[in-house]
Amino acid sequence: MSEAYFPVGPGLGMEENFLSLDDILMSQEKLPGRAESALPRLAVMLGQGAGNAESVPEGSKLEIPLWLAKGLHDSKRRIISVELPKIYREAWRMVFSADANVVDLHKMGPYYYGFGSQLLNFENPENPEIAQTDSVCSLQTFIARFRRIMDSSQNAYNEDTSALVARLDELERALFQVGQKGLNDFQCWEKGQASQITASSLVQNYGKRKLTEVDG
């Protein structure tokens, strides 16, 4: 008998979990950047040429997948420089501060929270501001949107929820599904279709993690 498959959650902070499908997909998200030196035989991969042997000239503007940007980034050798995606810049932080719920996060970046934490891996003049201001902004954005997400998940029983989740990033979609499952389990219990209410998998996994930390 095959064992049940349990999805692996994404990593936390600046480190990815390469057993997580979410983190693997997030690593494909692209960053705007610039070639600070010639990049041999990377033209095709970076969409800058047609031949496998072509190089990317120094000074070229690039759209670099996160996984490749992290591999090429070197604080001592100026190989590439990375810019902030527009959704993390000051203008968008002001929009989030005004009303975080109006933003279509999935359209702007399906891994908004996780991808934002990855930006601290790169040297950037705005890094101190990102670490202090943008992390606070992301937390405030999450808190502001979390209430509406959970309210929506609890008031959409047996309804088409596709429109509700279309504007959510992947983390928010997972939370919405948890809320929906909790509501469904409660409804089944209330109707006598379940013998007991059990803790959600998120709560159980958090408890196991805390026990591991204590034992360690």
Side-chain angles (χ1 to χ4, degrees), residues 5-93 95-96 103-139 141-142 165-174:
Y5 170 72
F6 295 98
V8 178
L12 299 175
M14 295 167 61
E15 296 301 323
E16 299 146 286
N17 183 344
F18 288 103
L19 296 177
S20 166
L21 291 177
D22 282 327
D23 276 357
I24 292 172
L25 292 172
M26 180 186 68
S27 71
Q28 303 296 323
E29 293 290 304
K30 293 184 178 181
L31 287 164
R34 180 177 182 272
E36 298 296 338
S37 60
L39 304 177
R41 297 183 296 278
L42 287 180
V44 173
M45 182 176 292
L46 295 172
Q48 298 285 321
N52 291 330
E54 290 188 41
S55 299
V56 177
E58 179 181 343
S60 300
K61 291 185 177 181
L62 306 170
E63 290 288 327
I64 317 169
L66 173 63
W67 65 268
L68 182 58
K70 291 177 71 172
L72 292 175
H73 181 259
D74 189 316
S75 59
K76 296 180 180 179
R77 298 173 58 200
R78 297 286 292 174
I79 301 175
I80 62 167
S81 58
V82 171
E83 302 172 7
L84 284 181
K86 63 180 181 180
I87 196 172
Y88 299 100
R89 295 176 188 170
E90 183 178 2
W92 275 100
R93 292 200 292 267
V95 172
F96 283 120
V103 182
D104 185 340
L105 271 193
H106 202 268
K107 180 179 179 180
M108 300 301 295
Y111 298 96
Y112 171 75
Y113 302 105
F115 194 70
S117 66
Q118 293 292 316
L119 298 178
L120 297 177
N121 283 295
F122 306 99
E123 290 184 352
N124 190 296
E126 295 187 55
N127 265 8
E129 184 177 354
I130 296 171
Q132 296 177 16
T133 307
D134 196 53
S135 60
V136 173
C137 180
S138 295
L139 178 60
T141 299
F142 180 77
V165 301
R167 299 167 63 86
L168 306 181
D169 107 312
E170 292 299 324
L171 173 61
E172 294 174 335
R173 289 184 176 189

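What's counted below: heavy atoms across the whole structure, side chains too, no hydrogens, waters or symmetry copies.
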I'd like to check the side-chain contact (heavy atoms from CB on, under 4.5 Å) partners of [X]; sequence neighbours left out, ordered by chain and number.
{"X": "P110", "answer": "E29, H106, E170"}
{"X": "K107", "answer": "D104"}
{"X": "E58", "answer": "none"}

Any chance you could measure [X], atom [atom1], to [Y], atom [atom2], to the nearest 0.5 Å?
{"X": "M26", "Y": "S117", "atom1": "CE", "atom2": "OG", "result": "6.0 Å"}
{"X": "E54", "Y": "L39", "atom1": "CD", "atom2": "CG", "result": "13.0 Å"}
{"X": "M108", "Y": "I87", "atom1": "CE", "atom2": "CD1", "result": "4.0 Å"}
{"X": "L62", "Y": "L31", "atom1": "CG", "atom2": "CG", "result": "11.0 Å"}
{"X": "Y112", "Y": "L171", "atom1": "OH", "atom2": "CG", "result": "12.0 Å"}
{"X": "D169", "Y": "Y111", "atom1": "CG", "atom2": "OH", "result": "9.0 Å"}

Check: Minimum heavy-atom separation for V82 to A69, with atom names?
Finding: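 For V82 versus A69, the nearest heavy atoms are CG2-CB, 4.5 Å.
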
Item checked: Ring geometry between H73 and F122 (parallel below 30°, tilted from 30 to 60°, perpendicular above 60°) ->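 Plane angle over 60°, so perpendicular.
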
Next item on the list: Indicate the ring-plane relationship of Y88 and F115, choosing parallel, tilted or perpendicular according to the 30° and 60° boundaries.
Entry: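 Rings of Y88 and F115: tilted, as their planes differ by 30° to 60°.
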
Margin query: Taking side chain to side chain donor-acceptor pair (under 3.5 Å) as the definition, give me every residue that meets it alongside E63, ordered by chain and number, with sequence neighbours left out.
Written below: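 Expected list: none.
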
Note to self: Please enumerate all residues that pass side chain to side chain donor-acceptor pair (under 3.5 Å) together with R34, with sequence neighbours excluded.
What the structure shows: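 R34: side chain to side chain donor-acceptor pair (under 3.5 Å) contacts with E36.
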
Margin query: I need the full list of ring-ring contact (aromatic ring centres under 6.0 Å, His included) pairs touching residues 24-48, with sequence neighbours left out, sorted by first then second residue.
Written below: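 Qualifying pairs, neighbours excluded: none.
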
Checklist line | Sidechain-backbone polar pair: N121 side chain, Q118 backbone, donor-acceptor under 3.5 Å | finding: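 Looks like yes, one N/O pair under 3.5 Å.
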
Item checked: Main-chain N/O of S37 paired to R78 side chain as donor or acceptor, under 3.5 Å ->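 Answer holds: no.
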
